[in-house]
Amino acid sequence: MMQHQLSIEARFRPEVLERILRVIRHRGFQVCTMNMASQVNTDNINIELTVASQRSVDLLSTQLSKLMDVACVQVQQQTTQQIRA
């Protein structure tokens, strides 16, 4: 499986994290790590994710960027990793 690190900037809304996680699951990715922090003096949040799948991360990043309240999605890096199911 390939692991991909994503950086997402979004407007903080109660439902935004649920929407992001739902897209990740529906696109066939598994969340390995996740870290979320709010930006100082704004209502935005930064979410750092490591996800794993055999699928192309471009499909996921395109779908995430279409979500309401998501401002920016960046693919940071990818690594090949053996993940036991």
Side-chain angles (χ1 to χ4, degrees):
M1 262 192 202
M2 295 292 288
Q3 282 193 345
H4 309 276
Q5 291 183 345
L6 300 173
S7 178
I8 301 170
E9 183 180 325
R11 193 162 21 145
F12 180 70
R13 296 287 179 263
E15 66 279 3
V16 73
L17 191 56
E18 287 180 51
R19 286 185 184 143
I20 290 169
L21 292 173
R22 184 175 51 230
V23 169
I24 291 169
R25 180 174 51 90
H26 284 192
R27 295 295 169 201
F29 285 78
Q30 171 186 343
V31 175
C32 301
T33 65
M34 182 173 70
N35 188 22
M36 184 180 84
S38 60
Q39 292 181 355
V40 179
N41 298 327
T42 69
D43 65 344
N44 289 347
I45 55 172
N46 289 329
I47 304 167
E48 303 291 328
L49 288 163
T50 302
V51 295
S53 180
Q54 298 287 6
R55 296 178 174 209
S56 169
V57 73
D58 295 333
L59 172 70
L60 178 62
S61 64
T62 300
Q63 293 302 312
L64 288 172
S65 64
K66 292 180 183 178
L67 286 175
M68 186 183 308
D69 297 320
V70 170
C72 179
V73 178
Q74 294 180 326
V75 178
Q76 301 296 327
Q77 85 183 56
Q78 67 182 37
T79 56
T80 303
Q81 182 99 1
Q82 293 291 357
I83 297 177
R84 297 180 189 181

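Note that the structure is a prediction, hence the values are computed from the model and not measured. The first residue of the sequence shown is numbered 1, and numbering continues consecutively from there.
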Compare every heavy atom of [Y] with every heavy atom of [X], then report the nearest pair and how far apart it is.
{"X": "Q76", "Y": "S7", "value": "NE2-CB, 3.1 Å"}
{"X": "N44", "Y": "R11", "value": "OD1-CA, 3.5 Å"}
{"X": "T42", "Y": "Q39", "value": "OG1-CB, 3.1 Å"}
{"X": "C32", "Y": "A52", "value": "SG-CB, 3.7 Å"}
{"X": "S56", "Y": "F29", "value": "O-CZ, 3.5 Å"}

How many angstroms lie between atom [atom1] of [X] and atom [atom2] of [Y], to the nearest 0.5 angstrom?
{"X": "E48", "Y": "M34", "atom1": "CD", "atom2": "CE", "answer": "11.5 Å"}
{"X": "E9", "Y": "N46", "atom1": "CD", "atom2": "CG", "answer": "5.5 Å"}
{"X": "Q3", "Y": "L49", "atom1": "CD", "atom2": "CG", "answer": "12.0 Å"}
{"X": "M2", "Y": "S53", "atom1": "CE", "atom2": "OG", "answer": "10.5 Å"}

Does V75 belong to the same Ile/Leu/Val/Met/Phe/Trp/Tyr cluster as M36, with side-chain heavy atoms less than 4.5 Å apart forming each link? yes

Kindly work out whether a path of hydrophobic side-chain contacts (I/L/V/M/F/W/Y, heavy atoms less than 4.5 Å apart) joins L59 to V57. no

Taking S65 for the side chain and V73 for the main chain, is one N or O donor matched with an acceptor at less than 3.5 Å? no

Can you list, pair by pair, the side-chain donor-acceptor contacts under 3.5 Å of residues 15-27, counting residues two or more places apart and other chains?
from: R27; atom 1: NH2; to: Q63; atom 2: OE1; distance (Å): 3.3

